[in-house]
Amino acid sequence: MDGFVGTPVSTLHEPHTPNMAPTSPASTCSGEQVTLADIGAELRRMTALMVTKEDLTRASDTLHAALKAEVAGIKSDIARQDTRITAIEQRAETAESQWQATDTAIRRQGDLILAMRRHLEDLDNRGRRNNIRVRGVPEADGAGENIAESLTQLFRIILREEAPDHFRFDRAHRALRPRTADGTPRDIVCCIHSFTLKEQIMLKARSRAHWTYRGAEVTLYNDLSLLTLDARRALRPVTSALRDRNIPYRWGYPFSINVRRHNELISARCPEDIPAFLQKLEIPNITVQNWILHPLELRPQPQRPPRRRGRDPQDHEWRPDPAQPEE
């Protein structure tokens with residue numbers, strides 16, 4: 001065994017020499033003086049310093065109370081937030097319902113305004129149905145222009161042998177606007193008493209692009225409402241496309257553009273009808289101005305000069321206005 005391990009047995013029983021410094025006699029004496037009573041006291045002291053079950057219970061109760069208070073505060077905050085969110089959702093629902101009602105009312109009012117606009121436009125055009133607007137008649141410089149006589153001569157040229165013996169005009173005057181600086185004559189607007197005669201004149205007038213009167217080129221038009229003229233200007237791209245394809249069209253009243261194709265009447269009354277109108281006629285889509293939402297500005301009506309309350313004081317027949325006190 002000794003030979004196998006390689007360590008002599010005698011070395012195992014040799015005294016062990018400690019590596020630490022030798023213990024002093026004083027410390028050896030003090031260690032020998034520790035009694036069991038001292039050890040018991042030290043243990044009791046250490047035991048007193050240890051945490052007991054009651055301490056753990058009190059700490060657990062304190063922690064539980066603190067957590068409970070914190071959770072109660074969080075629950076209270078959540079309840080308040082829930083109340084606020086509920087109130088906000090209710091107000092949002094109320095606002096949404098009110099918005100929907102307002103949107104519906106606005107749409108209904110928009111439809112009513114559009115219908116009223118079409119009705120007023122139709123009434124305006126019906127009030128002008130006996131009117132003819134004559135463009136190009138030379139304008140006299142003085143105030144003695146006989147417009148009725150000029151119109152009579154022009155209409156006799158147009159109607160020739162079909163002209164009546166007498167033309168009755170309810171009114172005839174130049175367009176109510178100032179003269180232009182370049183001397184372009186203002187249009188003449190006349191109201192013919194007989195609608196049949198007016199239609200007869202316009203039917204003959206459409207046979208030519210213009211007529212010659214007093215050396216000037218004269219053109220006749222129907223006197224239309226400014227709203228109708230605005231809509232027709234907006235539809236010029238559409239009417240140009242119709243003319244390029246030799247598609248006849250007619251204007252309707254209240255305002256509409258009508259085409260009869262394959263025994264089907266295709267009409268457009270508002271800008272929203274234009275895409276379907278062009279699709280039925282197999283015409284590529286054309287962008288037109290919305291003449292209802294963005295109409296051209298109407299020309300301001302001319303204002304007549306204020307009427308004087310008496311004649312010129314230089315006139316011997318002038319009399320002061322009795323309604324005004326004399327100075």
Let me have the donor-acceptor pairs involving side chains of residues 270-279, under 3.5 Å, with sequence neighbours excluded, atom names and distances please.
| from | atom 1 | to | atom 2 | distance (Å) |
| --- | --- | --- | --- | --- |
| D273 | OD2 | R269 | N | 3.2 |

Do [X] and [Y] touch side chain to side chain, with heavy atoms closer than 4.5 Å?
{"X": "T219", "Y": "W211", "answer": "no"}
{"X": "R260", "Y": "I266", "answer": "no"}
{"X": "V218", "Y": "T212", "answer": "no"}
{"X": "L151", "Y": "V134", "answer": "yes"}
{"X": "P164", "Y": "L197", "answer": "yes"}
{"X": "K280", "Y": "E264", "answer": "yes"}
{"X": "M202", "Y": "L220", "answer": "yes"}
{"X": "L176", "Y": "H173", "answer": "yes"}

- Message: The test is side-chain contact (heavy atoms from CB on, under 4.5 Å); show your working for E282 and R261 and say whether it passes.
- Response: CA-CA 11 Å; E282 299 178 356; R261 192 176 189 184; 4.3 Å; yes
How close do [X] and [Y] get, heavy atom to heavy atom, and via which atoms?
{"X": "R177", "Y": "T180", "answer": "NH1-CG2, 3.5 Å"}
{"X": "P185", "Y": "V137", "answer": "CB-O, 3.1 Å"}
{"X": "I286", "Y": "P237", "answer": "CG2-CB, 3.7 Å"}
{"X": "N258", "Y": "S267", "answer": "OD1-OG, 2.7 Å"}

Whether [X] side chain and [Y] backbone form a donor-acceptor pair below 3.5 Å:
{"X": "S207", "Y": "L203", "value": "no"}
{"X": "R186", "Y": "P178", "value": "no"}
{"X": "T83", "Y": "A79", "value": "yes"}
{"X": "S76", "Y": "A72", "value": "no"}

[X] atom [atom1]: more than 12 heavy-atom contacts under 6.0 Å:
{"X": "R243", "atom1": "CZ", "result": "yes"}
{"X": "L36", "atom1": "CG", "result": "no"}
{"X": "Q100", "atom1": "CD", "result": "yes"}
{"X": "D182", "atom1": "CG", "result": "yes"}

- Task: Could I get the full list of side-chain hydrogen bond (donor to acceptor under 3.5 Å, both in side chains) partners for T102, not counting sequence neighbours?
- Result: none
At what distance, to the nearest 0.5 angstrom, does [atom1] of [X] lie from [atom2] of [Y]?
{"X": "R174", "Y": "E139", "atom1": "CZ", "atom2": "CD", "result": "4.5 Å"}
{"X": "L229", "Y": "Y221", "atom1": "CG", "atom2": "OH", "result": "11.0 Å"}
{"X": "T104", "Y": "Q109", "atom1": "OG1", "atom2": "CD", "result": "11.0 Å"}
{"X": "W291", "Y": "L227", "atom1": "CH2", "atom2": "CG", "result": "12.0 Å"}
{"X": "E121", "Y": "L114", "atom1": "CD", "atom2": "CG", "result": "10.0 Å"}
{"X": "F155", "Y": "K198", "atom1": "CZ", "atom2": "NZ", "result": "10.5 Å"}

Can you tell me which residue pairs pass the salt bridge (charged side-chain N to carboxylate O under 4.0 Å, His left out) test with a partner in [range], sequence neighbours excluded?
{"range": "residues 91-112", "answer": "D103-R107"}
{"range": "residues 78-88", "answer": "D77-R80"}
{"range": "residues 147-171", "answer": "E162-K204"}
{"range": "residues 208-226", "answer": "R128-D223, R133-D223"}

- Message: If you apply the rule side-chain contact (heavy atoms from CB on, under 4.5 Å), what do you find for H193 with N130, and how did you get there?
- Response: CA-CA 7 Å; H193 186 75; N130 284 25; 5.9 Å; no
- Tell me, with the steps shown, if F169 and I147 meet side-chain contact (heavy atoms from CB on, under 4.5 Å). CA-CA 10 Å; F169 300 102; I147 297 178; over 6 Å; no
- Assess R118 against F255: is NZ or CZ under 6.0 Å from the centre of the six-membered ring, and within 45 degrees of the ring's axis? no
- Item | For N125, the option from T228, N131, N222 that meets side-chain hydrogen bond (donor to acceptor under 3.5 Å, both in side chains) |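 So, applying the side-chain hydrogen bond (donor to acceptor under 3.5 Å, both in side chains) to N125 and each of T228, N131, N222, only T228 qualifies.
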- Parallel, tilted or perpendicular, as decided by the 30° and 60° cut-offs, for the rings of W251 and Y249: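 Perpendicular: the ring planes of Y249 and W251 meet at over 60°.
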- Query: Between I158 and I192, is there a shared hydrophobic cluster once you connect ILVMFWY residues whose side-chain heavy atoms come closer than 4.5 Å?
  - Reply: yes
